[in-house]
Amino acid sequence: MRRALKEYHFDWMLHSTYDAASRLMAGTEKEYAHALRYIPYFSGMLDAVFGIGEPGRYFIKTCAEYLKNIVTARERGRKVAITSFCFSPVIFYAMDITPICLEVMTVFLTFTYRRGSAEFLDFCNEAGFTETSCSSQRGSLGAYLAGIGVDIDMVVTDTPGVCDTNANAFAFAAEWLDRPFFQLDMPPLLKGERYDRYHRDDYRALVAFLEEQTGTRLEAARLAEVLRELQKQDELIGELEEMGRIVPSPLPPAFTLLNYAARFLFAGMKPCTDMLQSMLTMARRNAERGVSGLAGGVERVRGFFCYIDHYTYNMRMWRMSEELGISLQGNILSRNWSIDAPHVKENHMEESAYSIDLTSLDSMIDSVAIMNSRMPMIKSIRGPFDAPDMWLEDTLSLARMYSADFVVYSGTPGCRNTWGMLKPFARETEKAGFPTHIMYSDAFDDRVQSWEATRARFEEFLKVRRILA
Amino acid sequence: MSVRLMRAVETLNNEFVQRWKEEGKKIVGYTCSYAPDEIFHAAGILPYRIRGHGADETTIGDTYFGPFICSLPKCMLQLAGTGAFGFLDGVVIVPGCDSMRRLDDCWRKAGEDIAGVVPQFFFHFAVPHKFAAYTVDWFEGEIRRLIEAVERHFDVRITEERLRDSIELYNRGRSLLEELERMRRLPAPPFTGAEALSVVIAGSAIPRDAYNELLEEFIAVHRAVPRGIEGRRRLMLVGSASDDTAFVRLIEGERALVVADNLCFGARFHNDRVDEGGRDPVRALAERYLRRSDCPRMYGDYRRRLEILVDTIRSASVDGVILQNIRFCDLHGAENGLFERDLEALGVPCMRIEREYGPLVETGRLKMRLDAFLERIDGQGRTA
């Protein structure tokens, strides 16, 4: 890593950037346009987000708040935990622990800086970590390994048995930083008493670990407060997802990102609720007027990203969708497995979903345990891809429900988990009638394949398959 | 006798397998050392560890797996696709890591294109990633699920008595392997590291009673060797699954001797026992197979694994450690990074290698690096 980069405190650098960005729209339009000239590399991303309207402003504000929590955690007496995107942060918030989601931090970097997360990625290799591992954790992990981030108190993940590459990154981080480590382990199947019991036993061990680390007990009232907020959020997400079925979709493409970003950052907390509420207000307005959420107003096709989005510099994936008239019908991250979610009801998947029982501390812990086992990726990429409730079934039911014209895989070369069965998977989605495009790029690292090449191949796919004539 | 062991390593469908099949008995293959052999033995079935040995291309593997996947499961699938495992009546896939987990999906999908490559008994056997009372409970349940499936499919009964007998037999084998390890660590070992690895691997492809006899004989013969191998640098081999004895021969050359290893095909899983005195043999199996946690797939247990390495390095007077991983094997690759940091700090020279599983196509590059490593050790003197 360049010495100059080590001069900047990683979290403060991001916090300052997003904090300043969150105040950009406070002035006049002229002032805003003028300010953008001083941030040539960040302006494209901000313009794309602010262009959405109020939800975009909430998004930037929420990001700034999340980063502020991180940099002020110590002075507020909070413990700090490194964790993963597919780990629901509700338990951290209920126990006054500040989570740092590595994948989210990586996206902050890739969205913001032209150089992306390259130097932090590479520092992980300098530290002894493998270059073939997933870039989503490595992108920001490098900063913490280099000692330029905030002090970490513990490392918590829930991906063993789902994505061993991901779990390995957290285990490595814990050892390198010499911090306590806890893993929630995932058996290969989802449903049934034996699996439920395991999830619950494991989650209780997690609670005991967190209590030991913080020196405090998990309080029922506090957990209930967080879960009540989560229930509100689930309702809002349900309504947003329902609206995604309308043709043309009233949801702007970037709503897929905002939807899961809100939950990854602040599930069970008010900033998430506010952001979702703002998104819903806008979506309702579009739906009432019968207009597409696309800036151009014309929905040409509908695409379903079966895994994750493409996060490199300047939100170009979403901007491309706007340009090409593609309504994004979500991805594996944007789906919520609350029992009331539209796709759960539509496809009679209630047993695969979760519900929140606020009766007692025990029932709440059980609820969170089952909810956590239904988090993105954790739910559907644990066992054989073609097993019940797993990736193929989820993808096909969602692609059908949202009238997708095609399916796209975007991931990272480090994703052994999906690349291990992607070809048979794509064969099945094709067989089911969905033209399927596999992006060979790295969603977090343009050095693997430039965005220009990624876009060119994607457009070629749309042309060759006569999806976008 | 040694020749029979060596042949069993070099030939998948070895003489023991052929005779077993001629007698009309069943064979079940498994992919990972966390699968309890005793279950199959107690059912009168030959447990057979599936390897990728002998695959000289991965065209079939590449048809189903993506490009960023470890070459071990690709080689296994390649062999399966060409019918090399036609003698297997069943397969147990253990999700040791992401790539190996996906062998389940890819092998089944290959079965849609190539008739007869998927045995009727095809079982996904899960193993938790940590050791705790509730994970042992769960794993015990998984072993019972496997027992039920084996009994149902093969129409056999795995009685408690037979299971206890099998445990005793396999424990006897582990004691013999431990003796083999002790001999390997002598100041002048009577056999090379390549031979030692061959002997251990053979155990995964030979009926255990016959194997124990061969092993006893091997030990007796080599105990009588008047003068062992001296004057070589003593190395330890650590990391990803490695069943390639040619690779060990390459490492050893004329100047080195692999006197210890920590490989799942090697010594890693043999220096403990299943409790024979407990009330429930299934519980005892669950505890033994999960407790060791010697594979980096068991997250958060690095310190214990480091201690095992340090103890071995000291007891075997190791001069240097080769930390190897198959490309895309992040579990071993990352742990090797930590081992390198910690062992070098203790004064143990380490060399990290990333390689492909399968035919030694990188001999020149590896040889050059190995020579440089030995020169470094020579220059440094024994430090461990």
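All values below were derived from every heavy atom in this structure, side-chain atoms included, with hydrogens, water molecules and symmetry-related copies excluded. Keep in mind that this is a model prediction, so the values were computed, not measured. Throughout, protein chains are lettered first and strands after them, A, B, ... in sequence-line order, and every chain is numbered starting at 1.
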Query raised in the report: Between A:Ala171, A:Ala387, A:Ser133, which residue shows the highest count of heavy-atom pairs closer than 4.5 Å to chain B?
Result: A:Ser133
**Report entry** Heavy atoms from other residues, nucleotides or ligands near CZ of A:Arg427 exceed 12 (cutoff 6.0 Å)
**Finding:** yes
Report task. For chain B, find which of A:Tyr195, A:Phe172, A:Phe181, A:Trp419 contributes the most heavy-atom pairs closer than 4.5 angstrom. Result -> A:Trp419
Requested in this report: Give the member of B:Glu340, B:Met100, B:Arg303 that has the highest number of heavy-atom pairs under 4.5 Å with chain A.
Outcome: B:Arg303
Report summary line: When the 4.5 angstrom heavy-atom criterion is applied to B:His124 and chain A, the contacting part is side chain
**Report entry** chain B contact via A:Phe385 - which portion, at a heavy-atom distance below 4.5 Å
**Finding:** both
Report task. Report yes if the side chains of B:Leu103 and B:Phe65 come closer than 4.5 Å at any heavy-atom pair, otherwise no. Result -> yes
Query raised in the report: So which of B:Pro73, B:Cys97, B:Ala126 has the largest heavy-atom pair count under 4.5 angstrom toward chain A?
Result: B:Cys97
Query raised in the report: Is there a side-chain contact between B:Val127 and B:Val94, using heavy atoms and a 4.5 Å cut-off?
Result: yes
Query raised in the report: Can you find a heavy atom in the side chain of A:Asn417 that is under 4.5 Å from one in the side chain of B:Arg101?
Result: yes
Query raised in the report: Any idea which of B:Pro95, B:Pro67, B:Ala132, B:Pro296 has the most non-hydrogen atom pairs under 4.5 angstrom with chain A?
Result: B:Pro67
Report summary line: Counting heavy-atom pairs under 4.5 Å with chain B, the top scorer among A:Lys423, A:Arg416, A:Glu131 is A:Arg416
Report task. Just do the ring pair (Phe, Tyr, Trp, His ring centres under 6.0 Å) check on B:Tyr299 and A:Phe170 with the steps written out, would you? Result -> CA-CA 9 Å; B:Tyr299 304 105; A:Phe170 287 91; over 10 Å; no
Query raised in the report: Between B:Asn336, B:Asp330, B:Asn325, B:Ile93, which shows the greatest number of heavy-atom pairs under 4.5 Å with chain A?
Result: B:Asp330
Report task. Go through A:Ile438, A:Thr157, A:Thr418, A:Asp386 and name the one with the most non-hydrogen pairs under 4.5 angstrom from chain B. Result -> A:Asp386
Query raised in the report: chain A: which of B:Asp301, B:Thr63, B:Asp137 shares the most heavy-atom pairs with it under 4.5 Å?
Result: B:Thr63
Report task. Measure A:Val162 against the heavy atoms of chain B and call it side chain, backbone, both or neither at under 4.5 Å. Result -> backbone
Requested in this report: Examine whether an atom of A:Leu392 lies under 4.5 Å from a heavy atom of chain B, and if so say whether it belongs to the side chain, the backbone or both; otherwise answer neither.
Outcome: neither
Query raised in the report: Is chain A contacted by the side chain of B:Thr135, its backbone, both, or neither, given a heavy-atom distance below 4.5 Å?
Result: both
Query raised in the report: With a 4.5 angstrom heavy-atom cut-off, which part of A:Ala174 approaches chain B: side chain, backbone, both or neither?
Result: neither
Query raised in the report: Knowing that exactly one of B:Arg355, B:Glu354, B:His332 qualifies, which makes a side chain to side chain donor-acceptor pair (under 3.5 Å) with B:Gln324?
Result: B:Arg355
**Report entry** Side chain proximity check, B:Ile50 to B:Trp107, heavy atoms < 4.5 angstrom
**Finding:** yes
Query raised in the report: Tell me, side chain or backbone of A:Phe182 under 4.5 Å from chain B's heavy atoms, or both, or neither?
Result: side chain
Report task. Using the six-membered ring wherever Trp is involved, compare the ring planes of B:Trp138 and A:Tyr198 and label them parallel, tilted or perpendicular (cut-offs 30° and 60°). Result -> tilted
Requested in this report: Against chain B, label A:Cys163 side chain, backbone, both or neither, depending on which of its atoms sit under 4.5 Å from a heavy atom there.
Outcome: both
Requested in this report: Please examine the side chains of B:Phe123 and B:Arg145, heavy atoms only from C-beta on, and report whether any two atoms are closer than 4.5 Å.
Outcome: yes
Query raised in the report: Should the ring pair A:Tyr409 and A:Tyr307 be called parallel, tilted or perpendicular, given that the plane angle runs from 0 to 90° and is split at 30 and 60?
Result: parallel
Query raised in the report: Which answer fits B:Arg297, side chain, backbone, both or neither, if we ask what part of it has an atom under 4.5 Å from a heavy atom of chain A?
Result: neither
Query raised in the report: So which part of A:Asn125 gets closer than 4.5 Å to some heavy atom of chain B, the side chain, the backbone, both or neither?
Result: neither
Requested in this report: Taking the six-membered ring of B:Tyr357 (Phe, Tyr or Trp), confirm whether the NZ or CZ of B:Lys74 is under 6.0 Å from its centre and within 45° of its axis.
Outcome: no
Report task. Classify the angle between the aromatic ring planes of A:Phe444 and A:Tyr311 as parallel (below 30°), tilted (30 to 60°) or perpendicular (above 60°). Result -> parallel
Query raised in the report: Is chain A contacted by the side chain of B:Glu112, its backbone, both, or neither, given a heavy-atom distance below 4.5 Å?
Result: side chain
